Amino acid sequence: MDTGDAAWVMVSAALVLFMTPGLALFYGGMDRTKNVLNMLMMNFWCLLIVPVVWVVVGYSLSGQNPADFDNKFLGSLDFIGLKGMGIGGEDGGALLITMVFLGMFAVITPALISGAVADRMKFSAWAIFVPVWLLLVFVPVFKWVYGGWLGSRGSQDFAGGTAIHVNAGIAALAMVLVIGKRKGWPQEGHPPHNMPMVMLGTGILWFGWFGFNAGSALGASGTAIQAFLNTFVAAAAAGLAWAVTEKLRDGHFTNLGAASGIVAGLVAITPGAGFVSGMSPLYIGLIAGVVCCFAVGLKTKFGYDDALDVVGVHMVGGLVGSLLIGFFSSPDYFGTENKAGLFEGGGLGLLGEQALANGATLIYSFVVTTLIALALKHTIGIRVDDETEQNGLDLAEHAETAYHGTN
Amino acid sequence: MKLITTIIKPFKLDDVKAALKDAGVQGITVTEVQGFGRQAGHTEVYRGTEYTIDFVPKVKLEVLADDADADRIIGVIVETARTGKIGDGKVWVTDAGHIVRIRTGELDSDAI
(Lines give C-alpha, C1' and ligand atoms only; values in the text may rest on other atoms or scores of the structure.)
Protein backbone atom coordinates (compact mmCIF):
# COMPACT_ATOMS: atom_id res chain seq x y z
CA MET A 1 0.00 0.00 0.00
CA ASP A 2 1.22 3.45 -0.92
CA THR A 3 2.34 5.28 2.24
CA GLY A 4 0.17 8.30 1.43
CA ASP A 5 -2.88 6.08 0.96
CA ALA A 6 -2.15 4.21 4.19
CA ALA A 7 -1.76 7.46 6.11
CA TRP A 8 -5.02 8.90 4.77
CA VAL A 9 -7.05 5.78 5.53
CA MET A 10 -5.69 5.62 9.09
CA VAL A 11 -6.50 9.28 9.69
CA SER A 12 -9.94 8.80 8.13
CA ALA A 13 -10.66 5.82 10.36
CA ALA A 14 -9.88 7.94 13.43
CA LEU A 15 -12.12 10.73 12.07
CA VAL A 16 -15.01 8.29 11.64
CA LEU A 17 -14.48 6.96 15.17
CA PHE A 18 -14.87 10.53 16.47
CA MET A 19 -18.29 10.77 14.83
CA THR A 20 -19.94 8.42 17.34
CA PRO A 21 -19.17 10.61 20.39
CA GLY A 22 -20.23 13.54 18.18
CA LEU A 23 -23.52 11.82 17.45
CA ALA A 24 -23.91 11.11 21.17
CA LEU A 25 -23.65 14.84 21.94
CA PHE A 26 -25.92 15.75 19.02
CA TYR A 27 -28.61 13.39 20.31
CA GLY A 28 -27.84 13.95 24.00
CA GLY A 29 -28.38 17.69 23.77
CA MET A 30 -31.76 17.14 22.13
CA ASP A 31 -32.74 14.74 24.89
CA ARG A 32 -33.95 15.71 28.38
CA THR A 33 -31.78 16.24 31.47
CA LYS A 34 -33.01 13.03 33.07
CA ASN A 35 -32.19 10.84 30.04
CA VAL A 36 -29.05 12.40 28.58
CA LEU A 37 -26.61 9.90 30.09
CA ASN A 38 -28.70 6.98 28.84
CA MET A 39 -28.48 8.48 25.34
CA LEU A 40 -24.71 8.92 25.60
CA MET A 41 -24.31 5.37 26.88
CA MET A 42 -26.40 3.89 24.07
CA ASN A 43 -23.92 5.44 21.66
CA PHE A 44 -20.84 4.52 23.67
CA TRP A 45 -22.15 0.96 23.95
CA CYS A 46 -21.69 0.74 20.17
CA LEU A 47 -18.08 1.85 20.68
CA LEU A 48 -17.61 -0.99 23.17
CA ILE A 49 -19.38 -3.93 21.59
CA VAL A 50 -19.12 -3.39 17.83
CA PRO A 51 -15.30 -3.39 17.43
CA VAL A 52 -15.20 -6.68 19.33
CA VAL A 53 -17.94 -8.30 17.22
CA TRP A 54 -16.41 -6.84 14.07
CA VAL A 55 -12.92 -8.35 14.43
CA VAL A 56 -14.21 -11.66 15.74
CA VAL A 57 -16.88 -12.39 13.13
CA GLY A 58 -18.53 -9.30 11.60
CA TYR A 59 -15.80 -8.44 9.12
CA SER A 60 -15.57 -12.01 7.89
CA LEU A 61 -19.34 -12.24 7.32
CA SER A 62 -19.41 -8.83 5.60
CA GLY A 63 -17.52 -10.34 2.68
CA GLN A 64 -15.13 -7.42 2.22
CA ASN A 65 -12.05 -9.62 2.02
CA PRO A 66 -11.09 -10.05 -1.67
CA ALA A 67 -11.30 -13.83 -1.24
CA ASP A 68 -15.05 -13.40 -0.64
CA PHE A 69 -15.70 -11.05 -3.56
CA ASP A 70 -17.48 -13.78 -5.55
CA ASN A 71 -20.12 -14.21 -2.83
CA LYS A 72 -23.21 -12.17 -3.60
CA PHE A 73 -25.22 -12.32 -0.34
CA LEU A 74 -22.85 -12.85 2.60
CA GLY A 75 -19.14 -13.24 3.24
CA SER A 76 -17.73 -16.36 4.81
CA LEU A 77 -16.35 -17.69 8.07
CA ASP A 78 -12.82 -17.84 6.60
CA PHE A 79 -11.65 -14.65 8.32
CA ILE A 80 -13.04 -15.18 11.80
CA GLY A 81 -10.68 -13.58 14.27
CA LEU A 82 -8.88 -11.96 11.29
CA LYS A 83 -7.39 -15.34 10.42
CA GLY A 84 -4.50 -15.07 7.96
CA MET A 85 -4.59 -11.29 7.90
CA GLY A 86 -1.45 -9.36 8.88
CA ILE A 87 1.08 -6.77 7.90
CA GLY A 88 3.55 -9.30 6.54
CA GLY A 89 1.97 -9.97 3.16
CA GLU A 90 2.37 -8.15 -0.13
CA ASP A 91 -0.24 -5.53 0.71
CA GLY A 92 1.68 -4.36 3.77
CA GLY A 93 -1.42 -4.18 5.94
CA ALA A 94 -3.79 -2.52 3.47
CA LEU A 95 -6.47 -5.12 4.19
CA LEU A 96 -6.08 -4.62 7.92
CA ILE A 97 -6.49 -0.86 7.85
CA THR A 98 -9.45 -1.21 5.47
CA MET A 99 -10.98 -3.67 7.94
CA VAL A 100 -10.54 -1.11 10.76
CA PHE A 101 -11.94 1.71 8.62
CA LEU A 102 -15.05 -0.31 7.78
CA GLY A 103 -15.35 -1.27 11.45
CA MET A 104 -15.83 2.41 12.31
CA PHE A 105 -18.86 2.47 10.00
CA ALA A 106 -20.15 -0.64 11.75
CA VAL A 107 -19.90 1.28 15.06
CA ILE A 108 -21.88 4.33 14.04
CA THR A 109 -24.65 2.59 12.05
CA PRO A 110 -26.52 1.02 15.00
CA ALA A 111 -25.70 4.15 17.04
CA LEU A 112 -27.82 6.17 14.60
CA ILE A 113 -30.90 4.19 15.66
CA SER A 114 -30.55 5.26 19.32
CA GLY A 115 -32.07 8.68 18.63
CA ALA A 116 -35.39 7.15 17.62
CA VAL A 117 -35.87 5.01 20.75
CA ALA A 118 -34.70 7.73 23.17
CA ASP A 119 -36.29 8.07 26.62
CA ARG A 120 -37.92 4.63 26.86
CA MET A 121 -35.82 1.63 25.75
CA LYS A 122 -34.43 -0.76 28.34
CA PHE A 123 -30.65 -0.61 28.26
CA SER A 124 -30.36 -4.38 28.58
CA ALA A 125 -32.49 -4.71 25.43
CA TRP A 126 -30.31 -2.16 23.62
CA ALA A 127 -27.16 -4.01 24.73
CA ILE A 128 -28.40 -7.18 23.02
CA PHE A 129 -30.02 -5.41 20.08
CA VAL A 130 -26.78 -3.79 18.87
CA PRO A 131 -24.68 -6.92 18.16
CA VAL A 132 -27.70 -8.92 16.92
CA TRP A 133 -28.79 -6.15 14.54
CA LEU A 134 -25.20 -5.71 13.42
CA LEU A 135 -24.89 -9.33 12.33
CA LEU A 136 -28.43 -9.90 11.01
CA VAL A 137 -29.03 -6.56 9.26
CA PHE A 138 -25.95 -4.37 8.88
CA VAL A 139 -23.56 -7.10 7.73
CA PRO A 140 -25.73 -8.64 4.97
CA VAL A 141 -26.92 -5.29 3.60
CA PHE A 142 -23.34 -4.03 3.63
CA LYS A 143 -22.31 -7.05 1.57
CA TRP A 144 -25.20 -6.66 -0.89
CA VAL A 145 -24.29 -3.03 -1.54
CA TYR A 146 -20.51 -3.48 -1.61
CA GLY A 147 -19.64 -6.36 -3.89
CA GLY A 148 -22.92 -8.25 -3.47
CA TRP A 149 -25.93 -8.59 -5.69
CA LEU A 150 -27.11 -4.96 -5.46
CA GLY A 151 -23.67 -3.53 -6.22
CA SER A 152 -23.02 -6.03 -9.02
CA ARG A 153 -26.24 -5.02 -10.77
CA GLY A 154 -24.87 -1.48 -11.02
CA SER A 155 -26.24 0.51 -8.07
CA GLN A 156 -23.77 2.95 -6.53
CA ASP A 157 -23.16 3.90 -2.91
CA PHE A 158 -19.88 5.69 -2.33
CA ALA A 159 -19.73 5.92 1.46
CA GLY A 160 -22.90 4.36 2.83
CA GLY A 161 -26.07 6.25 1.91
CA THR A 162 -27.99 3.03 1.34
CA ALA A 163 -25.92 0.60 3.42
CA ILE A 164 -25.77 2.88 6.47
CA HIS A 165 -28.25 5.76 6.52
CA VAL A 166 -31.26 4.29 4.74
CA ASN A 167 -30.61 1.01 6.54
CA ALA A 168 -30.41 2.59 10.01
CA GLY A 169 -33.26 5.01 9.27
CA ILE A 170 -35.79 2.35 8.32
CA ALA A 171 -34.61 0.19 11.24
CA ALA A 172 -35.34 3.16 13.52
CA LEU A 173 -38.89 3.26 12.16
CA ALA A 174 -39.33 -0.46 12.78
CA MET A 175 -38.06 -0.05 16.35
CA VAL A 176 -40.38 2.81 17.30
CA LEU A 177 -43.38 0.99 15.86
CA VAL A 178 -42.69 -1.94 18.20
CA ILE A 179 -41.57 0.06 21.23
CA GLY A 180 -44.37 2.64 21.11
CA LYS A 181 -44.61 6.34 21.87
CA ARG A 182 -42.97 8.20 24.72
CA LYS A 183 -45.35 8.98 27.58
CA GLY A 184 -47.19 12.16 26.79
CA TRP A 185 -46.07 12.46 23.17
CA PRO A 186 -47.17 14.39 21.18
CA GLN A 187 -49.39 16.38 23.57
CA GLU A 188 -46.51 17.21 25.91
CA GLY A 189 -43.39 18.81 24.53
CA HIS A 190 -39.94 17.37 24.97
CA PRO A 191 -37.75 20.28 23.89
CA PRO A 192 -33.94 19.93 23.76
CA HIS A 193 -32.29 20.38 27.17
CA ASN A 194 -28.91 21.63 25.92
CA MET A 195 -28.66 23.26 22.50
CA PRO A 196 -24.94 24.15 22.81
CA MET A 197 -24.28 20.40 23.17
CA VAL A 198 -26.24 19.79 19.96
CA MET A 199 -24.17 22.39 18.11
CA LEU A 200 -20.89 20.93 19.38
CA GLY A 201 -22.00 17.46 18.31
CA THR A 202 -22.88 18.80 14.88
CA GLY A 203 -19.40 20.28 14.50
CA ILE A 204 -17.79 16.99 15.48
CA LEU A 205 -20.01 15.10 13.04
CA TRP A 206 -19.12 17.41 10.14
CA PHE A 207 -15.40 17.18 11.00
CA GLY A 208 -15.53 13.39 11.24
CA TRP A 209 -17.59 13.10 8.06
CA PHE A 210 -14.57 14.19 5.99
CA GLY A 211 -13.07 10.85 7.00
CA PHE A 212 -16.34 9.04 6.37
CA ASN A 213 -16.70 10.32 2.79
CA ALA A 214 -13.21 11.23 1.60
CA GLY A 215 -11.74 8.22 3.41
CA SER A 216 -14.09 5.97 1.43
CA ALA A 217 -11.86 6.56 -1.61
CA LEU A 218 -9.56 4.22 0.39
CA GLY A 219 -6.56 6.27 -0.66
CA ALA A 220 -5.24 9.82 -0.95
CA SER A 221 -6.53 10.20 -4.50
CA GLY A 222 -8.33 12.75 -6.65
CA THR A 223 -11.57 10.99 -5.83
CA ALA A 224 -10.84 11.58 -2.14
CA ILE A 225 -10.31 15.27 -2.86
CA GLN A 226 -13.62 15.51 -4.74
CA ALA A 227 -15.43 13.66 -1.93
CA PHE A 228 -13.82 16.04 0.57
CA LEU A 229 -15.02 19.07 -1.40
CA ASN A 230 -18.51 17.59 -1.80
CA THR A 231 -18.72 16.99 1.97
CA PHE A 232 -17.78 20.63 2.55
CA VAL A 233 -20.29 22.10 0.10
CA ALA A 234 -23.33 19.83 0.51
CA ALA A 235 -23.44 20.18 4.31
CA ALA A 236 -23.32 23.98 4.14
CA ALA A 237 -25.95 24.10 1.37
CA ALA A 238 -28.32 21.82 3.26
CA GLY A 239 -27.84 23.73 6.54
CA LEU A 240 -28.57 26.96 4.69
CA ALA A 241 -31.63 25.48 2.96
CA TRP A 242 -33.11 24.12 6.21
CA ALA A 243 -32.44 27.35 8.13
CA VAL A 244 -33.99 29.51 5.40
CA THR A 245 -36.99 27.17 5.08
CA GLU A 246 -37.63 27.53 8.83
CA LYS A 247 -37.18 31.29 8.66
CA LEU A 248 -39.80 31.54 5.91
CA ARG A 249 -42.18 29.02 7.50
CA ASP A 250 -41.78 29.65 11.25
CA GLY A 251 -40.19 33.10 11.41
CA HIS A 252 -36.72 32.46 12.85
CA PHE A 253 -33.27 31.17 11.96
CA THR A 254 -32.80 28.43 14.57
CA ASN A 255 -29.73 26.63 15.86
CA LEU A 256 -31.46 23.27 15.66
CA GLY A 257 -32.53 23.99 12.08
CA ALA A 258 -28.96 24.82 11.08
CA ALA A 259 -27.60 21.73 12.83
CA SER A 260 -30.26 19.41 11.41
CA GLY A 261 -29.70 20.76 7.92
CA ILE A 262 -25.95 20.22 8.14
CA VAL A 263 -26.46 16.61 9.19
CA ALA A 264 -29.11 16.06 6.49
CA GLY A 265 -26.69 17.40 3.88
CA LEU A 266 -23.90 15.15 5.14
CA VAL A 267 -26.23 12.16 4.94
CA ALA A 268 -27.41 13.09 1.45
CA ILE A 269 -23.94 13.60 -0.03
CA THR A 270 -22.63 10.35 1.48
CA PRO A 271 -23.83 8.00 -1.32
CA GLY A 272 -22.66 10.29 -4.11
CA ALA A 273 -19.57 11.84 -2.50
CA GLY A 274 -17.19 10.21 -4.97
CA PHE A 275 -19.51 10.21 -7.98
CA VAL A 276 -20.58 13.83 -8.39
CA SER A 277 -18.64 16.99 -9.18
CA GLY A 278 -19.03 20.64 -10.12
CA MET A 279 -22.12 22.25 -8.62
CA SER A 280 -23.91 18.91 -8.15
CA PRO A 281 -23.11 18.72 -4.39
CA LEU A 282 -24.63 22.18 -4.01
CA TYR A 283 -27.89 21.07 -5.61
CA ILE A 284 -27.95 17.80 -3.64
CA GLY A 285 -27.43 19.73 -0.38
CA LEU A 286 -30.11 22.32 -1.13
CA ILE A 287 -32.66 19.67 -2.08
CA ALA A 288 -31.87 17.52 0.98
CA GLY A 289 -32.11 20.51 3.33
CA VAL A 290 -35.60 21.46 2.19
CA VAL A 291 -36.94 17.90 1.87
CA CYS A 292 -35.67 16.77 5.29
CA CYS A 293 -36.97 19.97 6.95
CA PHE A 294 -40.46 18.92 5.93
CA ALA A 295 -39.84 15.17 6.39
CA VAL A 296 -39.32 15.54 10.16
CA GLY A 297 -42.95 16.65 10.37
CA LEU A 298 -44.18 13.30 9.06
CA LYS A 299 -43.95 11.66 12.48
CA THR A 300 -46.67 13.83 13.98
CA LYS A 301 -48.80 13.38 10.88
CA PHE A 302 -48.55 9.59 10.94
CA GLY A 303 -48.19 9.18 14.71
CA TYR A 304 -44.89 7.29 15.02
CA ASP A 305 -42.69 8.65 17.81
CA ASP A 306 -39.26 8.88 16.18
CA ALA A 307 -37.96 10.93 19.11
CA LEU A 308 -34.94 12.66 17.55
CA ASP A 309 -35.91 12.33 13.87
CA VAL A 310 -33.68 9.48 12.71
CA VAL A 311 -36.23 8.60 10.01
CA GLY A 312 -36.71 12.16 8.79
CA VAL A 313 -33.01 12.95 8.62
CA HIS A 314 -31.19 9.66 7.94
CA MET A 315 -33.69 7.56 6.01
CA VAL A 316 -35.12 10.43 3.99
CA GLY A 317 -31.75 12.16 3.57
CA GLY A 318 -30.15 8.88 2.51
CA LEU A 319 -32.91 8.17 0.00
CA VAL A 320 -32.72 11.69 -1.43
CA GLY A 321 -28.96 11.49 -1.86
CA SER A 322 -28.99 7.98 -3.23
CA LEU A 323 -31.72 8.65 -5.80
CA LEU A 324 -30.07 11.92 -6.86
CA ILE A 325 -27.01 9.88 -7.93
CA GLY A 326 -29.32 8.68 -10.68
CA PHE A 327 -29.38 12.27 -11.93
CA PHE A 328 -25.95 13.68 -11.07
CA SER A 329 -23.45 10.77 -11.32
CA SER A 330 -20.63 11.88 -13.65
CA PRO A 331 -18.51 8.94 -14.85
CA ASP A 332 -16.35 11.09 -17.14
CA TYR A 333 -14.72 12.44 -14.05
CA PHE A 334 -14.48 9.30 -11.97
CA GLY A 335 -13.98 6.48 -14.43
CA THR A 336 -16.19 4.50 -16.74
CA GLU A 337 -16.91 1.68 -14.33
CA ASN A 338 -19.53 3.99 -12.87
CA LYS A 339 -22.75 4.73 -14.71
CA ALA A 340 -23.84 8.18 -15.81
CA GLY A 341 -26.84 9.89 -14.26
CA LEU A 342 -29.74 11.36 -16.19
CA PHE A 343 -28.24 14.88 -16.24
CA GLU A 344 -24.81 13.59 -17.23
CA GLY A 345 -25.79 11.88 -20.46
CA GLY A 346 -26.99 8.59 -18.99
CA GLY A 347 -30.48 7.16 -19.20
CA LEU A 348 -32.86 6.04 -16.51
CA GLY A 349 -30.83 2.87 -15.90
CA LEU A 350 -28.85 4.12 -12.92
CA LEU A 351 -31.90 5.69 -11.29
CA GLY A 352 -33.68 2.34 -11.58
CA GLU A 353 -30.78 0.53 -9.92
CA GLN A 354 -30.68 3.11 -7.12
CA ALA A 355 -34.40 2.63 -6.53
CA LEU A 356 -34.03 -1.14 -6.50
CA ALA A 357 -31.06 -1.12 -4.10
CA ASN A 358 -32.85 1.18 -1.66
CA GLY A 359 -36.11 -0.68 -1.99
CA ALA A 360 -34.45 -4.00 -1.18
CA THR A 361 -32.67 -2.41 1.79
CA LEU A 362 -35.88 -0.82 3.09
CA ILE A 363 -37.81 -4.08 2.96
CA TYR A 364 -35.12 -6.35 4.37
CA SER A 365 -34.05 -4.01 7.16
CA PHE A 366 -37.64 -3.21 8.17
CA VAL A 367 -38.71 -6.86 8.33
CA VAL A 368 -35.66 -8.24 10.15
CA THR A 369 -35.43 -5.30 12.58
CA THR A 370 -39.12 -5.75 13.43
CA LEU A 371 -38.50 -9.44 14.15
CA ILE A 372 -35.53 -8.64 16.41
CA ALA A 373 -37.55 -5.99 18.26
CA LEU A 374 -40.51 -8.36 18.72
CA ALA A 375 -38.21 -11.12 19.97
CA LEU A 376 -36.74 -8.73 22.58
CA LYS A 377 -40.17 -7.46 23.55
CA HIS A 378 -41.49 -10.96 24.24
CA THR A 379 -38.40 -12.24 26.08
CA ILE A 380 -36.49 -9.75 28.26
CA GLY A 381 -38.79 -6.81 27.46
CA ILE A 382 -37.86 -3.81 25.36
CA ARG A 383 -39.37 -0.90 27.29
CA VAL A 384 -38.69 0.48 30.77
CA ASP A 385 -41.53 0.55 33.31
CA ASP A 386 -43.68 3.65 33.76
CA GLU A 387 -41.91 4.78 36.91
CA THR A 388 -38.48 4.64 35.27
CA GLU A 389 -39.74 6.53 32.26
CA GLN A 390 -41.24 9.18 34.52
CA ASN A 391 -38.18 9.58 36.76
CA GLY A 392 -35.66 9.33 33.94
CA LEU A 393 -33.50 6.52 32.64
CA ASP A 394 -30.18 7.90 33.86
CA LEU A 395 -30.71 7.05 37.51
CA ALA A 396 -32.68 3.81 37.04
CA GLU A 397 -30.60 2.29 34.25
CA HIS A 398 -27.14 3.64 35.04
CA ALA A 399 -27.22 4.91 38.66
CA GLU A 400 -25.82 8.22 37.44
CA THR A 401 -27.07 11.81 37.23
CA ALA A 402 -25.89 14.20 34.53
CA TYR A 403 -26.35 17.45 36.38
CA HIS A 404 -26.13 17.73 40.17
CA GLY A 405 -27.54 21.05 41.40
CA THR A 406 -25.15 22.01 44.17
CA ASN A 407 -22.05 20.31 45.61
CA MET B 1 -40.43 43.80 61.79
CA LYS B 2 -41.47 43.07 58.25
CA LEU B 3 -40.43 40.52 55.62
CA ILE B 4 -40.67 42.15 52.21
CA THR B 5 -40.87 39.61 49.42
CA THR B 6 -40.80 40.59 45.78
CA ILE B 7 -40.82 38.84 42.41
CA ILE B 8 -39.10 40.83 39.66
CA LYS B 9 -37.77 40.44 36.13
CA PRO B 10 -34.27 38.91 36.28
CA PHE B 11 -32.64 41.70 34.26
CA LYS B 12 -33.79 44.22 36.89
CA LEU B 13 -31.93 42.48 39.73
CA ASP B 14 -28.73 44.55 39.49
CA ASP B 15 -30.66 47.84 39.46
CA VAL B 16 -32.84 46.85 42.40
CA LYS B 17 -29.85 45.61 44.39
CA ALA B 18 -28.00 48.90 43.83
CA ALA B 19 -31.06 50.98 44.72
CA LEU B 20 -31.63 49.01 47.93
CA LYS B 21 -28.00 49.45 48.95
CA ASP B 22 -28.31 53.19 48.35
CA ALA B 23 -31.44 53.15 50.50
CA GLY B 24 -29.44 51.68 53.38
CA VAL B 25 -30.56 48.06 53.16
CA GLN B 26 -27.82 45.83 54.58
CA GLY B 27 -28.77 42.46 53.21
CA ILE B 28 -31.04 40.71 50.74
CA THR B 29 -31.69 37.08 49.82
CA VAL B 30 -32.09 36.22 46.13
CA THR B 31 -33.60 33.07 44.61
CA GLU B 32 -34.03 32.16 40.97
CA VAL B 33 -37.63 31.04 40.55
CA GLN B 34 -40.10 30.32 37.79
CA GLY B 35 -43.82 30.70 37.57
CA PHE B 36 -46.60 32.34 35.67
CA GLY B 37 -48.89 35.30 36.17
CA ARG B 38 -50.76 37.37 33.63
CA GLN B 39 -47.67 37.33 31.41
CA ALA B 40 -48.11 33.53 31.03
CA GLY B 41 -45.34 31.62 29.23
CA HIS B 42 -43.99 31.63 25.71
CA THR B 43 -43.57 29.24 22.79
CA GLU B 44 -40.38 27.79 21.33
CA VAL B 45 -40.15 26.06 17.96
CA TYR B 46 -37.86 23.07 17.39
CA ARG B 47 -37.83 21.42 13.96
CA GLY B 48 -41.18 22.99 13.19
CA THR B 49 -42.87 21.74 16.36
CA GLU B 50 -44.13 24.35 18.82
CA TYR B 51 -43.48 23.81 22.50
CA THR B 52 -45.32 25.89 25.10
CA ILE B 53 -43.10 26.90 27.99
CA ASP B 54 -45.60 27.69 30.76
CA PHE B 55 -43.22 29.01 33.40
CA VAL B 56 -41.27 32.23 33.02
CA PRO B 57 -37.96 32.67 34.86
CA LYS B 58 -38.12 35.33 37.58
CA VAL B 59 -36.05 36.44 40.56
CA LYS B 60 -37.39 36.39 44.11
CA LEU B 61 -35.93 38.90 46.56
CA GLU B 62 -36.42 38.85 50.33
CA VAL B 63 -35.61 41.79 52.60
CA LEU B 64 -36.07 42.11 56.35
CA ALA B 65 -36.92 45.62 57.53
CA ASP B 66 -38.03 47.61 60.54
CA ASP B 67 -41.70 48.58 60.47
CA ALA B 68 -40.74 52.22 59.96
CA ASP B 69 -38.56 51.48 56.91
CA ALA B 70 -40.87 49.05 55.13
CA ASP B 71 -42.91 51.47 53.03
CA ARG B 72 -39.80 53.37 51.88
CA ILE B 73 -38.09 50.13 50.80
CA ILE B 74 -41.19 48.94 48.95
CA GLY B 75 -41.26 52.28 47.14
CA VAL B 76 -37.62 51.87 46.07
CA ILE B 77 -38.30 48.35 44.75
CA VAL B 78 -41.44 49.31 42.85
CA GLU B 79 -39.82 52.36 41.31
CA THR B 80 -36.67 50.53 40.25
CA ALA B 81 -38.18 47.28 39.00
CA ARG B 82 -40.97 48.84 36.95
CA THR B 83 -40.75 48.68 33.14
CA GLY B 84 -44.45 49.29 32.52
CA LYS B 85 -44.71 46.09 30.51
CA ILE B 86 -46.58 42.96 31.54
CA GLY B 87 -44.60 40.65 33.85
CA ASP B 88 -42.95 43.26 36.11
CA GLY B 89 -43.84 41.21 39.20
CA LYS B 90 -45.20 41.96 42.68
CA VAL B 91 -44.18 43.01 46.18
CA TRP B 92 -45.86 41.80 49.34
CA VAL B 93 -45.20 42.28 53.02
CA THR B 94 -45.63 39.90 55.93
CA ASP B 95 -44.97 40.30 59.62
CA ALA B 96 -41.70 38.83 60.82
CA GLY B 97 -42.37 37.94 64.40
CA HIS B 98 -38.89 37.27 65.65
CA ILE B 99 -35.40 37.71 64.19
CA VAL B 100 -32.09 36.35 65.52
CA ARG B 101 -28.61 37.10 64.14
CA ILE B 102 -26.90 33.73 64.34
CA ARG B 103 -23.33 34.97 64.92
CA THR B 104 -24.06 37.26 67.89
CA GLY B 105 -27.45 36.25 69.13
CA GLU B 106 -28.75 39.81 68.65
CA LEU B 107 -32.53 40.00 68.46
CA ASP B 108 -35.19 41.62 66.28
CA SER B 109 -34.33 45.20 65.15
CA ASP B 110 -30.71 44.75 66.18
CA ALA B 111 -30.46 41.68 63.98
CA ILE B 112 -31.62 43.38 60.77
Side-chain angles (χ1 to χ4, degrees), chain A residues 26-27 29-32 115 182 184-195 198-199 239 242-243 245-264 289-301 305-313 316 405-406, chain B residues 3-14 16-17 20-21 25-64 83-90 99-103 111:
Chain A
F26 179 71
Y27 282 162
M30 275 189 271
D31 216 326
R32 285 176 287 174
R182 286 167 293 174
W185 186 87
Q187 296 81 13
E188 283 173 35
H190 300 108
H193 91 282
N194 190 333
M195 277 305 302
V198 175
M199 304 315 283
W242 189 312
T245 302
E246 282 195 344
K247 168 70 179 165
L248 296 174
R249 187 185 63 189
D250 308 324
H252 298 280
F253 289 113
T254 69
N255 282 269
L256 188 58
S260 308
I262 288 167
V263 174
V290 175
V291 171
C292 291
C293 181
F294 285 99
V296 296
L298 294 175
K299 65 176 180 183
T300 24
K301 201 166 193 175
D305 186 10
D306 171 16
L308 309 180
D309 297 311
V310 182
V311 179
V313 174
V316 174
T406 49
Chain B
L3 171 64
I4 302 166
T5 307
T6 178
I7 305 287
I8 60 171
K9 288 184 169 169
F11 85 99
K12 278 289 184 186
L13 176 61
D14 282 347
V16 172
K17 179 191 70 182
L20 287 175
K21 273 186 169 174
V25 170
Q26 303 227 354
I28 60 177
T29 304
V30 176
T31 321
E32 289 180 18
V33 294
Q34 47 182 1
F36 69 88
R38 289 189 195 170
Q39 185 189 4
H42 64 270
T43 57
E44 297 179 6
V45 182
Y46 295 98
R47 284 181 174 165
T49 304
E50 265 194 21
Y51 297 95
T52 305
I53 309 296
D54 291 325
F55 299 123
V56 189
K58 295 284 173 190
V59 166
K60 183 167 85 171
L61 241 100
E62 288 163 309
V63 187
L64 284 168
T83 68
K85 298 198 185 101
I86 197 161
D88 274 350
K90 286 185 176 58
I99 304 173
V100 184
R101 188 188 305 280
I102 293 175
R103 175 171 57 88

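On a predicted model such as this, the values are computed, not experimentally measured, just so you know.
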Exercise. What are the two closest heavy atoms between V45(B) and T254(A), and how far apart are they?
Worked result: O-CG2, 4.3 Å
Problem set entry | I53(B) versus P191(A), closest heavy-atom pair with distance | CD1-CG, 4.4 Å
Seminar exercise, completed: Here the gap from T49(B) atom OG1 to H190(A) atom NE2, rounded to the nearest 0.5 Å, amounts to 12.0 Å
Exercise. Does NE2 in H252(A) sit with more than 12 non-hydrogen atoms of other residues, nucleotides or ligands closer than 6.0 Å?
Worked result: no
Exercise. Take atom CD1 in I102(B); do more than 12 heavy atoms of anything else shown fall under 6.0 Å from it?
Worked result: no
Exercise. Within the distance-only criterion (no hydrogens, no angle test), does the side chain of R47(B) pair as donor or acceptor with the backbone N or O of F294(A) below 3.5 angstrom?
Worked result: no
For this session: Run the numbers on Y46(B) and M195(A) for side chain to side chain contact (heavy atoms under 4.5 Å, CB included), then give the verdict.
Result: CA-CA 11 Å; Y46(B) 295 98; M195(A) 277 305 302; 4.3 Å; yes
Exercise. Side chain, backbone, both or neither: which part of D309(A) has a heavy atom under 4.5 Å from chain B?
Worked result: both
